[in-house]
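Proteins come first, then strands; the chains are lettered A, B, ... in the order of their sequence lines, and each starts at number 1.
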Number of protein chains: 2
Amino acid sequence: MNAVTIKDVALAAGVSSATASRVLSGHPATSAASREKVAAVAKELGFVPNAQARSLRSTKTDTIALLISDVRNPYFSDLAHAVEQQAHAAGMMTFIGNANEDTEQQDQFLAAMLSRRVDGLIVVPQGLDEDADRPSPMMQRIIASGTPLVFVDRTLPEQRIPSITASSTGALEEAIAQLKLLGHTSIAFLGGPDHASTARERHSAFDSAMAANGLSINPALHFAGDFRAASGAGGARWLLEHELQPTAVVIADAPMAIGALTVWREAGIRIGKQLSVISFDEVDAMLMHDPPISTISHDLTSMGRAAVTALQEVMAGKSPEPQEFISRFTARESLAPTQAATGA
Amino acid sequence: MNAVTIKDVALAAGVSSATASRVLSGHPATSAASREKVAAVAKELGFVPNAQARSLRSTKTDTIALLISDVRNPYFSDLAHAVEQQAHAAGMMTFIGNANEDTEQQDQFLAAMLSRRVDGLIVVPQGLDEDADRPSPMMQRIIASGTPLVFVDRTLPEQRIPSITASSTGALEEAIAQLKLLGHTSIAFLGGPDHASTARERHSAFDSAMAANGLSINPALHFAGDFRAASGAGGARWLLEHELQPTAVVIADAPMAIGALTVWREAGIRIGKQLSVISFDEVDAMLMHDPPISTISHDLTSMGRAAVTALQEVMAGKSPEPQEFISRFTARESLAPTQAATGA
DNA sequence: CGATTCCATGGAATCGATTACACAGTTTTC
DNA sequence: GAAAACTGTGTAATCGATTCCATGGAATCG
């Protein structure tokens, strides 16, 4: 096994373990002689410092944790990648945890991270099902423990926690304006779960975009999904049988869009002809689709970077302002004039 | 801060820290009285054991690490998800690391995990560029350290390390047979980088499938990519200008396929009409494509589970046999008869 | 030149848990 | 009924690093 400790290194280098430690952690008060000797010996013996012992004493781990709600959602894996790269550049490791859109798994991961004494946490938070704005018990303990914490993508509004979010209001206004221009007035919305702040933000941005374009908001055209593919499929079926037969639809995230598009394909619905589709999240599948799906996208790379930067500020004792990124609307061939408009 | 230690708990419960520890870690030699008292006090104080101190003494962390080569590749995020769920069921945490198809990042993650003394490692290994079969320096140290190690998806053939891989020979034979039936004889292969064993396996399986179907293997129709989208795009352009104008192509992974399909779409190539396409990895984008792409897919969920099981055996001192899963070929509309066959 | 500051170093305490060992009291065994 | 085995507990050692403190020697200062 790897039984080589700092004492072995110190012994072989003819110094005390204190000096060895100082050399290995770059403490200035060391002589050139011992610096060289210790470094050489450590390399030769293949010394790997025990991170547990180190951080037990020093109370820092150079590690942050990132909790996302679904690893298999490309949206979040992009975020994870950005956070990891940025943290890496700052000399910190990132532990990536997966909440699976489930409060219990979220809490287990948070407990594990608290127990491992990570230096900070970046969390895509999940509210409780009963009370979306209240943090889960473990989240409350995290907050109480004083561990630096930053929310990203989603927030819990009642908490005074720095957050990095995206605003889709502008993008949705553009999107709805475009639909209106094409003759659409009956527009459905396949939304996400209320316990996610992004779901609420997207829904209310949709409503205000409708209003801003002088279109009426019809609650009967709102479907409550859960951000997962199956609920998107359910939403698509619901829409197929809907008495109002809307001519356009906005979908709140990529997995739901994929579920819905699969159903529509099987039902022989021609996207862009019979139904205009706009989805959140610009992922490969949206671009590969025929026709390509119009999207409202966030700059996950920037958001990930900003989250790490904000977390570093929190760790330094500051409290950075909440930061809001602006989403972008990209029109693609999934939009077309309504039959009525074409026929006119 | 969270300054509540086991001593605080012991004091408040009126027992020694030894007894408190025994209660909290489920040691049998405890009285019902102290069990209740300690448990109650621990809960009330919100005691979170310090994982560093615990594993420093006990030399176990109940944590495994999973190193994948690209978090943003859905293929690997499926694998990560499966490993995580299985490890979770076995009471272990999983640290997910991203090598980014880069030997240096791989080594940094491995060093961090070694230093954190994880109980075991599941690795999608990356060989050296110069010598694909040789493990990187850090990998050698992992092996030398005796840390339980299992390879998944890829292997390093010279090492006696348990591995979970997939064999695509059968699936490719089926695939090529189907292509032949449709009249294709000139079939290109967009392959992966030689330092990945999967790339070599897929390439040689392709060659033998060609041979098994009595088709000649033409090295001029083999393109060497790197498993990333840009190289797939490069491969697609290379193919467009190729003097032999092959009528079908097999692509070695999903990101490359996405890169290639994007180029072909821009070039106005009609997939399934002018060019038949088969890709490895059944990801959403392949199914959303018009027409849907025929795929050769692996059962990542089973492979992930098998990897955790194998790792547990290694941790128990056994040395499980290498396990090979069989890939599956699914024909879709991206395959069509050649013009010649149609014209005849 | 004596006093002060600075440097590099070693000894020992420390972080917070687990666990070997000792011990007292109880139960079982022959 | 004495010896052996078992139970629950506390004391103290331990894991492997970092870091406080003391120390001796060199450099600096007035």
Side-chain angles (χ1 to χ4, degrees), chain A residues 1-39 41-42 45-63 111-112 114-119 145 147, chain B residues 1-39 41-42 45-63 111-112 114-119 145 147:
Chain A
M1 291 294 148
N2 202 311
V4 43
T5 76
I6 201 170
K7 281 189 183 170
D8 302 324
V9 174
L11 193 69
V15 297
S16 75
S17 59
T19 301
S21 169
R22 277 186 278 255
V23 169
L24 293 169
S25 52
H27 191 97
T30 49
S31 68
S34 42
R35 238 173 293 149
E36 279 171 34
K37 191 83 181 107
V38 170
V41 169
L45 296 182
F47 171 67
V48 180
N50 185 317
Q52 277 130 17
R54 183 208 293 273
S55 47
L56 177 58
R57 181 67 229 255
S58 64
T59 67
K60 59 197 210 46
T61 51
D62 292 324
T63 300
L114 202 50
S115 144
R116 279 175 179 75
R117 303 294 194 265
V118 292
D119 292 344
S145 78
T147 307
Chain B
M1 289 294 151
N2 201 310
V4 43
T5 74
I6 201 169
K7 282 190 184 171
D8 303 323
V9 174
L11 193 69
V15 298
S16 74
S17 60
T19 300
S21 168
R22 280 186 276 254
V23 168
L24 293 168
S25 50
H27 191 97
T30 49
S31 69
S34 41
R35 239 173 293 150
E36 278 170 34
K37 192 85 181 105
V38 170
V41 169
L45 296 181
F47 170 66
V48 179
N50 184 317
Q52 277 128 17
R54 183 209 292 274
S55 45
L56 176 59
R57 180 66 228 255
S58 64
T59 65
K60 60 198 210 50
T61 52
D62 292 324
T63 300
L114 201 52
S115 141
R116 279 174 179 76
R117 304 293 194 264
V118 292
D119 292 344
S145 79
T147 307

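Contact check of residues 30-39 of chain A against DNA chain C (heavy atom, cut-off under 4.0 Å) returns A:Thr30, A:Ser31, A:Ser34. Contacts of residues 17-24 of chain A with DNA chain C (heavy atom under 4.0 Å): A:Ala18, A:Thr19, A:Arg22.
If you check D:dG16, C:dT18, D:dG10 against the side chain of A:Asn50, the one that comes closest is D:dG16.
Side chain of B:Ser25 to main chain of B:His27: no donor-acceptor pair is present (N/O by atom type, distance under 3.5 Å, no hydrogens or angles). One N or O on the side chain of A:Thr61 and one on the backbone of A:Arg117 form a donor-acceptor pair closer than 3.5 Å. Formation of a donor-acceptor pair under 3.5 Å by the A:Arg35 side chain with backbone atoms of A:Thr30 is found in this model.
Evaluation of atom-type donor-acceptor distances gives no pair under 3.5 Å for the side chain of B:Arg54 against the base of C:dT18.
Remark: DNA chain D takes part in the stems C:1-30 with D:1-30, each of 3 or more antiparallel Watson-Crick or G-U pairs, criterion distances under 3.5 Å.
In this model, the phosphate group of C:dG10 is approached by a side-chain N or O of A:Ser16 to a distance below 4.0 Å at OP1 or OP2.
Summarising the geometry, atom CG belonging to A:Leu11 is positioned 9.5 Å from atom OG1 belonging to A:Thr5; distances are rounded to the nearest 0.5 Å. Atom OG of residue B:Ser31 and atom NZ of residue B:Lys37 lie 12.5 Å apart, to the nearest 0.5 angstrom.
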Side chain to side chain contact (heavy atoms under 4.5 Å, CB included) between B:Thr63 and A:Arg116, worked out: CA-CA 11 Å; B:Thr63 300; A:Arg116 279 175 179 75; 2.4 Å; yes
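Mapping B:Ala29 and A:Ser55 onto DNA chain D via the closest heavy atom, the residue that lands nearer the 5' end is B:Ala29. Each of A:Ser58 and A:His27 lies near DNA chain C, and the nucleotide nearest A:His27 is the one positioned closer to the 5' end.
Here the P atom of nucleotide C:dG16 and the CG atom of A:Leu114 are 14 Å apart, to the nearest Å.
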